[in-house]
Chemist: 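My structure is below; once you've seen it, I'll send some questions.
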Amino acid sequence: MDTRYDPKTVEQRWYDTWDQRGYFKPRESLTGKTFTISMPPPNITGDLHMGHAMYTLQDVLIRWHRMLGDTALWVPGTDHAAIATQNVLEKQLAKKGSSKEAIGREAWDRMVQEWYDTTGHTILQQMRRLGFSADWSRIRFTMDPTYVEAIRYVFVQLWKEGLIYRGPRIVNWCPRDQSAISDLEVQYEEEDGHLYYLDYPVEGGGVISVATARPETMVGDTAVAVHPDDWRYKDLIGKSVVLPIVHRRVPIVADEAVDQEFGTGAVKVTPGHDTTDYEIGERHHLPILSILSLDGRMNIPEVPQLHGLKVPEARDRIVEMLRAEGALQKIEPYRHSVGHCDRCGAVIEPIVSAQWWVRMKPLAGPAIAVAENDDLRFHPERWREQYLRWMRNIRDWNISRQLWLGHRIPVWTCANGHAVAYLKDPKECEQCGNRELTQDPDVLDTWFSSSLWPFVTLGWPADTDDLRRYYPTQVLDTARDILYLWVARMVFMSLHFLNTVPFSDVLIHGTVLAPDGRRMSKSLGTGVDPLDMIEQYGADATRAWTAYFGTGGQDIRFSEEKIESYRRFANKLWNATRLLVGKLPEGAAPIPIDESALEPADLWILGRLSAVTRSVTASFERMEFGPAIDGLFDFAWKEVADDYLELIKPRLQAGDASTVTALSVAIHVLETILRLLHPIMPFVTEELWQRLPHEGETIMYAPWPLPDETIEDRELMDDMAHLLDVVRAVRNVRQSSDTKSRQQPAEATSQRALLSEPVGRRYLATLAQLELNGKLPEGMPQSVVVVGQTTVRLGLPADGAPDAQRLKGELEKKLREIELIQEKLNNPEFTSRAPAAVVERERARLAQAQKAADRLRGLLGETGKLG
RNA sequence: GGGCGGUUAGCUCAGUUGGUAGAGCGUCUGCCUUACACGCAGAAUGUCGGGAGUUCGAGCCUCUCACCGCCCACCA
């Protein structure tokens with residue numbers, strides 16, 4: 001073995017081997033249980049980013065359950081991502097000076113198909129670099145023919161049930177994509193703007209002032225609204241105003257939606273271009289005027305000066321016109337939030353348009369119930385409230401998009417006006433037999449198809465074996481930003497069509513931020529490519545990083561140092577293995593542990609191993625991997641490598657029965673650590689596991705370790721901890737004085753069981769590099785170390801520095817400690833109210849401290865010996 | 001406007017039921033000790049955001065204020 005671990009070759013080799021041997025496919029269950037995760041399908045056009053690296057958490061769970069003996073299945077696939085893909089292809093066409101309109105729908109569809117075929121599943125290929133053990137033979141794509149059929153089935157079914165309807169409503173319109181988008185796809189951002197105060201002349205005299213951030217929409221006003229209780233305007237309600245510029249007469253209405261405090265307390269009402277106004281309009285049966293065409297330009301032939309202008313230009317122009325008419329009272333700076341398209345960033349225009357909607361109230365009911373009764377659980381738990389809040393206030397879902405890419409809405413209208421949803425492309429109208437049919441031009445919201453993902457990927461609506469065996473799934477892991485867009489929708493769709501939750505546990509992992517706390521973004525240059533991290537530090541280190549930070553529920557500032565530390569950790573494990581493998585013949589079988597031959601150190605490390613196994617397993621069960629990787633890192637590095645392996649080195653050299661025992665224990669401990677670590681760091685653990693004596697053909701199928709509580713000896717743990725404290729204290733003194741020769745003569749006395757025995761003294765001698773044979777020669781200058789019930793006298797070289805000063809300092813520290821404890825114990829409130837165990841512990845601490853103080857005093861008395 | 005999360009060592013973050021504050025990185029010192037210098041050993045470093053309260057005892061519970069971030073809402 002080389003002195004360094006090189007992840008590159010190892011990772012590639014093992015991934016190919018696992019894949020070829022079919023280890024990622026579900027295998028027969030040893031527990032009778034299945035464990036399934038549906039992988040959130042990345043966009044087919046997307047690049048791998050740190051968000052995808054977070055899918056490591058899913059792989060950790062899958063690998064863990066595989067080791068537990070469950071039939072584990074991770075279903076991968078990709079999403080067609082309508083808007084995103086369309087943007088890519090339109091740019092390609094634009095480069096050639098063409099457009100989708102120019103080539104026509106058929107050619108466009110061919111182009112899309114070709115793109116899908118050539119893009120393939122590149123992003124899933126990249127995921128392999130991270131070691132993901134998904135069953136790649138089951139890759140699904142939301143454009144697969146069977147998937148398309150399933151979507152169609154769902155649409156027709158919902159339509160028949162009256163849960164899908166078409167109707168004009170005010171919608172969020174993206175002028176660039178020329179499509180409606182749902183409320184969830186609008187991103188609001190604070191922007192500096194102006195608040196314009198307009199004077200509208202009231203019929204019969206006087207003016208009423210309204211405040212608006214969008215003066216250009218005044219040409220579409222169909223009313224002015226005031227609050228019904230507003231005394232200022234009481235008399236004006238029911239009267240009319242004449243709009244400047246267009247000279248249209250519109251009523252003054254009273255509506256509760258008006259905020260008396262804001263602006264002038266009177267508001268212009270533009271039902272065609274404002275959500276609130278639209279609702280006011282509904283209540284007062286106001287006409288709706290559309291003043292924008294679908295590309296976001298003004299569309300008002302009556303006012304030629306404005307016609308065809310973009311909104312910002314129209315705004316400037318109309319302000320001039322208003323000023324000219326004396327209708328502009330004032331302009332104030334005003335900061336407000338403006339909606340932008342999630343995908344392309346264009347400013348969203350509310351417009352009235354006929355769209356397809358899903359009636360949400362009936363679907364939300366069951367989805368609320370499952371979260372309330374815990375059939376659906378959230379990790380961290382606080383997301384449950386977020387989910388419920390949204391579900392309880394849900395509004396109908398706009399599922400139609402005016403795009404050229406996506407699943408067409410399967411509704412055909414005949415010449416007689418019969419609109420019907422068809423499972424198969426119809427030849428004639430179902431209702432009248434008319435053969436002149438036209439299909440609705442709209443496509444479905446991408447999230448409509450995504451909402452069916454976990455069950456359609458298993459074959460639904462067909463009654464498949466997969467569906468029966470693997471559905472519902474267990475865990476859904478994702479980022480919080482698609483909790484509503486995706487997670488919530490899967491829940492109500494599954495409940496409606498399969499009468500079950502799609503998964504029992506929702507794991508919301510943290511979002512990776514740039515080191516400065518901003519969002520990671522390619523355009524800002526703050527993005528981090530996981531493939532770069534894999535290249536530099538290995539997939540295992542990258543995975544360990546995501547496992548460490550991913551499940552705490554906190555957002556994560558990217559920190560490369562931590563990944564680096566896990567790379568070193570892999571190297572540490574490699575070298576620990578190297579040490580042990582070097583003592584073994586090639587291809588050695590596992591050495592059975594002879595329990596009768598175990599030394600205290602062996603019992604100690606086995607006890608610690610058991611405790612670590614228990615806590616790691618508990619962390620996994622809570623789906624909190626941070627404490628798991630942290631605990632394993634610490635145990636493997638500090639306790640096993642730094643302490644235990646150092647402790648047994650003399651035995652490993654001895655070449656007798658003690659060598660065999662030490663090796664058997666060390667190998668067992670290391671092999672167990674590898675198994676505990678495997679779900680998080682699969683590559684290095686497989687590589688090292690194969691090099692150590694082992695049973696089985698892959699660590700992927702090795703059993704998950706169980707704790708052995710019978711071996712956890714409390715007193716021994718305490719004694720070992722004490723011994724290590726003594727070691728540190730001796731090393732400290734040796735470093736600060738000149739007592740650095742390799743084997744320092746010393747004598748030790750202790751009231752601790754372990755340190756009173758030769759074996760304990762041997763450990764102390766090994767770790768602190770002491771010559772502990774018998775007594776120090778009479779009169780030899782010495783340095784004394786006192787730790788609790790143990791005293792070590794170090795023989796000093798003639799020029800050694802005296803340490804009375806240090807002992808004095810320690811005595812003072814002890815006295816302060818004694819004082820503090822006594823104060824506590826002298827408080828009758830404490831002794832009477834605190835639990836007996838706590839009081840007892842304080843008493844014991846006091847006794848210990850007093851003994852140590854006595855010993856220090858005694859030593860300080862031996863001034864002669866202390867130089 | 002409502003809600004949620006955060007504020008702990010120079011930096012990035014842990015801290016399970018309230019009972020003597022931790023890690024990684026960085027810093028300082030000494031070591032090429034035959035698994036690892038991608039290492040070993042030792043050391044330093046915290047009014048746990050401010051204030052008040054509950055309690056024998058608060059990083060942890062309650063209230064309040066400040067700042068940072070996110071989500072939701074019909075923010076003219």
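Values below: all heavy atoms of this structure, side chains included; hydrogens, waters and symmetry mates excluded.
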Chemist: What residues form a side-chain hydrogen bond (donor to acceptor under 3.5 Å, both in side chains) with A/D199, not counting sequence neighbours?
Modeler: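 With sequence neighbours excluded, A/D199 shows a side-chain hydrogen bond (donor to acceptor under 3.5 Å, both in side chains) to A/S209, A/Q329, given in chain and number order.
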
Chemist: Can you check whether A/N732 has a side-chain N or O nearer than 4.0 Å to OP1 or OP2 of B/rA43?
Modeler: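 Yes, because at least one side-chain N or O of A/N732 sits under 4.0 Å from OP1 or OP2 of B/rA43.
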
Chemist: In chain order, what residues pass the side-chain hydrogen bond (donor to acceptor under 3.5 Å, both in side chains) check against A/Y196, with sequence neighbours excluded?
Modeler: none

Chemist: Please enumerate all residues that pass salt bridge (Lys or Arg N to Asp or Glu O under 4.0 Å) together with A/R389, with sequence neighbours excluded.
Modeler: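 Checked A/R389 against salt bridge (Lys or Arg N to Asp or Glu O under 4.0 Å); zero matches.
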
Chemist: Under 4.0 angstrom, heavy atoms only, what part of the nucleic acid is A/A618 near: base, sugar-phosphate, or nothing?
Modeler: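 Here A/A618 touches no strand at all.
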
Chemist: Pairs in or reaching into residues 378-387 of chain A: which pass side-chain hydrogen bond (donor to acceptor under 3.5 Å, both in side chains), with residues at least two apart or in two chains?
Modeler: A/H379-A/D505

Chemist: Under the rule for side-chain hydrogen bond (donor to acceptor under 3.5 Å, both in side chains), what residues qualify as partners of A/R283, not counting sequence neighbours?
Modeler: A/D255

Chemist: Extract from the structure each pairing of a protein N or O with an N or O of nucleotides 15-25 of chain B at less than 3.5 Å, listing the distance.
Modeler:
| residue | atom | partner | partner atom | Å |
| --- | --- | --- | --- | --- |
| B/rG19 | O2' | A/R841 | NH2 | 2.4 |
| B/rG24 | OP1 | A/K638 | NZ | 3.4 |
| B/rC25 | OP1 | A/R568 | NH2 | 2.5 |

Chemist: Return the stems involving RNA chain B, sorted by first number, where pairs are Watson-Crick (N1-N3 with N6-O4 or O6-N4) or G-U wobble (N1-O2 and O6-N3), both under 3.5 Å, and runs are 3 or more long.
Modeler: B:1-7 with B:66-72, B:10-13 with B:22-25, B:27-31 with B:39-43, B:49-53 with B:61-65

Chemist: Please tabulate, for the side chains in residues 818-828 of chain A, all donor-acceptor contacts under 3.5 angstrom to protein atoms that are two or more places apart in sequence or on a different chain.
Modeler:
| residue | atom | partner | partner atom | Å |
| --- | --- | --- | --- | --- |
| A/N826 | ND2 | A/Q822 | O | 3.3 |
| A/N827 | OD1 | A/E829 | N | 2.9 |

Chemist: Can you give each donor-acceptor pair under 3.5 Å made by side-chain atoms of residues 539-549 of chain A, sequence neighbours left out, with the distance rounded to 0.1 Å?
Modeler:
| residue | atom | partner | partner atom | Å |
| --- | --- | --- | --- | --- |
| A/D540 | OD1 | A/F683 | N | 3.1 |
| A/D540 | OD2 | A/F683 | N | 3.4 |
| A/D540 | OD2 | A/V684 | N | 2.7 |
| A/T542 | OG1 | A/G538 | O | 2.9 |
| A/R543 | NE | A/I680 | O | 2.9 |
| A/R543 | NH1 | A/D59 | OD2 | 2.7 |
| A/R543 | NH1 | A/L130 | O | 2.8 |
| A/R543 | NH2 | A/D59 | OD2 | 2.9 |
| A/R543 | NH2 | A/P679 | O | 2.7 |
| A/W545 | NE1 | A/S559 | O | 3.3 |
| A/T546 | OG1 | A/R543 | O | 2.7 |

Chemist: Looking at A/R315, A/E349, A/H273, A/K268, which hits side-chain hydrogen bond (donor to acceptor under 3.5 Å, both in side chains) with A/T217?
Modeler: A/K268

Chemist: Can you give one letter per nucleotide of nucleotides 66-72 of chain B, 5' to 3': B if a protein heavy atom sits under 4.0 Å from the base, S if only from the sugar-phosphate, - if neither?
Modeler: ----SSS

Chemist: Let me know the distance between CD of A/Q653 and P of B/rU33, rounded to the nearest Å.
Modeler: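 It works out to 15 Å between those atoms.
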
Chemist: Choosing from B/rC36, B/rC56, B/rC38, which nucleotide comes nearest the side chain of A/N575?
Modeler: B/rC36

Chemist: Under the ring-ring contact (aromatic ring centres under 6.0 Å, His included) test, which residues partner A/Y5, sequence neighbours left out?
Modeler: A/W574

Chemist: Would you please name every residue forming a salt bridge (Lys or Arg N to Asp or Glu O under 4.0 Å) with A/D183, sequence neighbours left out?
Modeler: none

Chemist: Grab the CZ-C1' distance between A/R395 and B/rA73 for me, whole Å please.
Modeler: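 About 9 Å, once rounded to whole Å.
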
